[in-house]
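Heads up: the structure comes next, in structure tokens.
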Amino acid sequence: MRTPSIYSQDDPLTEALRPPESETELQRQIRLEQEAEAKRISEQIDEELRLEREDLKRKRGNVKLLLLGQAESGKSTLQKQFQLMYRPHSLEQERASWRTVIYFNVVRSIKHILTTLESWDDSLDDNSAATGRLLDLTIAGLRRRLSPLVAADGALADRLSGGVTVSGSGKGGVFVRTGWQARTIENALGRKRARPTEDFELKKDELQDPLVQDVSRMLEASKDDIRELWAHPTVKGLIARRRLKLDEWSEFFLRHITRVAASDYIPSTDDILHARIQTMGVAEHVFDVNIHGKAVSWHLFDVGGARGQRHTWVPYFDDANAIIFVAPVSAFDQYLEEDPRTNRIDDSLQLFTQICSSPLLKNVHLVLFLNKTDLLRSKLDNGLRVQKYVVDTKATQRIIGNVRDSIFRGYLQSAALV
Ligand SMILES: Nc1nc2c(ncn2[C@@H]2O[C@H](COP(=O)(O)OP(=O)(O)OP(=O)(O)O)[C@@H](O)[C@H]2O)c(=O)[nH]1
Ligand SMILES: [Mg+2]
């Protein structure tokens, strides 16, 4: 009787694989080696399949979300809101580096006011010649005293951008790439350093940045002059006549100049949400979110919205799960920085139409986020009329009665949804 064998006599496959009765010792050795190698390969394949399955499982818990929209629509601000909700500690770590951005925003605003005043035609003013001369003298004094602060504009821009300039994306805007917060400190110290682990370390470094320290000293010394400039009747008059247009963040920081110019200033969360710096390329932010007890990783891609940046979005379309399209409804009286002939609402509508008709995005969930409604309300309260600005005929036809609703309808119409 044959000894029991692993080769079952009932299974035809096993029967076929049975070694021949006449197998020599050498042949047996070779066969066993081949079987061991086959087993190793099979186990390797099993392991690879297991890893692939795990990866797939992990990916199923991953959500890729794109934040799209024109420049200044509020994408990075929305991303900061996500950060506040899901990774507040990381915003805490960045807090001090936002000081450089806010100083830059303030210096740019003062520069913009002074430049506009330079080209101001005094025949537009109602004041008598004597009062006009007096006002001129006051402004000349302010300009002289504020000039060292205004001169820091270029150095602050370089600190933030690392000296990288972007052509064709607006007039002299400063763009930052992902990870700019840590790089700003590296640039300040002029050497590479490990990522900061403690808030204190970051604050200390930032406070040691000689440029930021200089600007802080100048701001503190100039805060009365800045307040005087901001409250000056000529400046107020130019704003009222819309000959001087200030961005929302400019007005915000100038209103809070006493606090911002204090030597121990650390930006508040509200300040960080108001700070303005343009995004370059695509910046990924990962948030672990617990949804009904299941951990999901949200990969939020915040993109640069200026026209010169939009080509960088396309590689991210392929495997996106959802898009939040950010539309600034208050922008009806504004024009693109990168193309001053194009109304911002018209550009936003066009962009939305392109996104909606892209075949790459046909299976992607789309959220239309109508942003800056607070500014829309205050503009309408101040008597601005949407019809005067928006040239997109489709949207304009709809702009009757409730303006917010009609802009919304314009978006839907452009997307061929109504
Ligand atoms: N008043 C008001 N300001 C807002 C709102 N959302 C954003 N902002 C401000 O608008 C400015 C521009 O916002 P960002 O988030 O930098 O714009 P962005 O879309 O990321 O712009 P790019 O990076 O150039 O594409 C910032 O100063 C924000 O504080 C809003 O709902 N209301
Ligand atoms: Mg941005």
Side-chain angles (χ1 to χ4, degrees), residues 65-84 91 94 98 101-106 108-109 112 157 160-161 164-166 168-181 245-256 260 267-285 300-313 316 323-339 344-345 347-348 351-352 355 368-382 404 407:
L65 190 62
L66 305 185
L67 287 177
L68 304 183
Q70 67 180 194
E72 252 180 82
S73 55
K75 301 177 293 299
S76 300
T77 310
L78 193 57
Q79 179 276 317
K80 286 180 217 165
Q81 306 270 13
F82 273 94
Q83 200 175 345
L84 264 176
L91 197 76
E94 294 171 12
W98 282 101
V101 177
I102 292 163
Y103 284 176
F104 175 66
N105 288 167
V106 170
R108 267 282 155 102
S109 310
H112 179 52
L160 289 164
S161 68
V164 178
T165 51
V166 175
S169 289
K171 41 177 190 336
V174 169
F175 286 77
V176 289
R177 284 173 295 132
T178 184
W180 64 269
Q181 292 89 341
K245 288 186 187 170
L246 287 177
D247 299 304
E248 51 264 33
W249 56 92
S250 297
E251 296 206 8
F252 177 84
F253 291 123
L254 289 173
R255 270 203 314 272
H256 291 92
V260 172
S268 68
T269 300
D270 201 31
D271 292 344
I272 296 175
L273 289 173
H274 278 87
R276 168 68 175 142
I277 189 86
Q278 284 171 274
T279 309
M280 188 200 296
V282 179
E284 182 178 0
H285 302 264
L300 205 69
F301 294 90
D302 174 24
V303 306
R307 282 191 171 171
Q309 297 291 310
R310 295 180 191 170
H311 66 278
T312 62
W313 307 357
Y316 295 82
I323 290 174
I324 299 183
F325 186 88
V326 185
V329 287
S330 64
F332 64 88
D333 62 332
Q334 293 173 316
Y335 294 84
L336 289 184
E337 221 183 82
E338 59 269 34
D339 176 12
R344 287 189 53 199
I345 290 282
D347 174 73
S348 182
L351 187 58
F352 186 61
I355 301 281
L368 176 60
F369 189 92
L370 299 181
N371 199 26
K372 304 202 178 183
T373 52
D374 56 323
L375 292 175
L376 176 69
R377 191 171 303 122
S378 86
K379 281 183 183 179
L380 296 177
D381 288 349
N382 285 330
R404 237 183 306 165
I407 288 179

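These values consider heavy atoms only, across backbone and side chains, with no hydrogens, waters or symmetry-generated copies. Residues: numbered from 1 along the sequence shown. One-based numbering, in listed order, for ligands and for the atoms of each. Given the structure is predicted, the values throughout are model-derived calculations rather than measurements.
Residue contacts with ligand 1, taken as heavy atom pairs separated by less than 4.0 Å, involve Lys372 via backbone and side-chain atoms alike. Under 4.0 angstrom from ligand 1, there are no non-hydrogen atoms of Val326. Heavy atoms of Thr77 found under 4.0 angstrom from ligand 1 belong to the backbone as well as the side chain. At a heavy-atom cutoff of 4.0 Å, ligand 1 is contacted by both the backbone and the side chain of Thr279. Contacts of Gln70 with ligand 1, taken as heavy-atom pairs under 4.0 Å, involve the backbone alone. Neither the backbone nor the side chain of Pro328 has a heavy atom within less than 4.0 Å of ligand 1. The residue Thr373 has no part lying near ligand 1, judged by heavy-atom distances below 4.0 Å.
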- Message: Run the side chain to side chain contact (heavy atoms under 4.5 Å, CB included) test on Asn105 and His274 for me, step by step, so that the C-alpha distance in whole Å, both residues' side-chain angles and the decisive distance to 0.1 Å come before the verdict.
- Response: CA-CA 10 Å; Asn105 288 167; His274 278 87; over 6 Å; no
- Would you sort out whether Phe325 and Leu351 count as a side chain to side chain contact (heavy atoms under 4.5 Å, CB included), showing the intermediate values? CA-CA 10 Å; Phe325 186 88; Leu351 187 58; 3.9 Å; yes
- Which is it for Asp270 and Arg255 under the salt bridge (Lys or Arg N to Asp or Glu O under 4.0 Å) test, yes or no, and what are the steps along the way? CA-CA 13 Å; Asp270 201 31; Arg255 270 203 314 272; over 6 Å; no
- Apply side chain to side chain contact (heavy atoms under 4.5 Å, CB included) to the pair Trp98 and Asp271, showing each step before the final yes or no. CA-CA 9 Å; Trp98 282 101; Asp271 292 344; over 6 Å; no
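Below 4.0 Å from some heavy atom of Leu273 lie the following atoms of ligand 1, by number and element: 28 (C), 29 (O). Per-residue contacts place Glu248 under 4.0 angstrom from the following atoms of ligand 1 (heavy atoms of the residue considered): 10 (O). Residue Gly304 has at least one heavy-atom neighbour below 4.0 Å for each of these atoms of ligand 1: 25 (O). Residue Ser73 has at least one heavy-atom neighbour below 4.0 Å for each of these atoms of ligand 1: 17 (O), 19 (O).
A salt bridge does not link Asp333 with Lys245: every distance from a Lys NZ or Arg NE/NH1/NH2 to an Asp or Glu carboxylate oxygen is 4.0 Å or more.
Using a 4.5 Å heavy-atom threshold, the side chains of Glu72 and Trp249 count as touching. Put simply, the side chain of Asp339 reaches to within 4.5 Å of the side chain of Arg307, judged on heavy atoms. Here the side chains of Leu66 and Val303 are not in contact, with every heavy-atom distance at 4.5 Å or above. Residues Phe332 and Leu376 meet the side-chain proximity criterion, which asks for heavy atoms closer than 4.5 Å.
In summary, the side chains of Glu94 and Gln83 do present a donor paired with an acceptor at a separation below 3.5 Å, with no hydrogens or angles considered.
A side-chain donor-acceptor contact under 3.5 Å links Trp313 to the backbone of Gly304. Proximity of a side-chain donor or acceptor of Gln309 to a complementary backbone N or O of Gly281 within less than 3.5 Å is detected. Looking only at distances, no side-chain donor or acceptor of Lys372 sits under 3.5 Å from a matching main-chain atom of Ala331.
Of all the heavy atoms in Asn371 and Ser73, the pair that sits closest is ND2-O, 2.8 Å. The shortest heavy-atom contact between Pro328 and Val326 is CD-O, 3.9 Å.
Lys75 NZ, 2.7 Å is the protein heavy atom nearest to atom 19 (O) of ligand 1. What sits closest to atom 32 (N) of ligand 1 on the protein, heavy atoms only, is Asp374 OD1, 2.9 Å. Closest to atom 22 (P) of ligand 1, if we only count protein heavy atoms, is Arg276 NH1, 3.6 Å.
Looking at Glu72 next to ligand 1, an N or O pair under 3.5 Å apart turns up. An N or O contact shorter than 3.5 Å is missing between Gly69 and ligand 1 by distance. Checking only distances, Gly305 does come within under 3.5 Å of ligand 1, N or O to N or O. For ligand 1, the polar-atom distance check finds no N/O of Leu375 at less than 3.5 Å from any of the ligand's N/O atoms. The shortest N or O to N or O distance between Asp302 and ligand 1 is not below 3.5 Å.
Scanning Ile277, Val303, Asn371 for the heavy atom closest to atom 31 (O) of ligand 1 points to Asn371. Atom 26 (C) of ligand 1 has its nearest heavy-atom neighbour, among Ala275, Ala331, Gly74, Ser250, in Ala275. Of the listed options Glu338, His274, Gln309, His274 places a heavy atom closest to atom 27 (O) of ligand 1.
Not one N/O/S atom of Thr77, from backbone or side chain, sits under 2.8 Å from the Mg ion (ligand 2). Among the atoms of Thr279, an N, O or S atom falls under 2.8 Å from the Mg ion (ligand 2).
Residue contacts with ligand 1 leave out Ser330, since none of its heavy atoms falls under 4.0 Å from the ligand.
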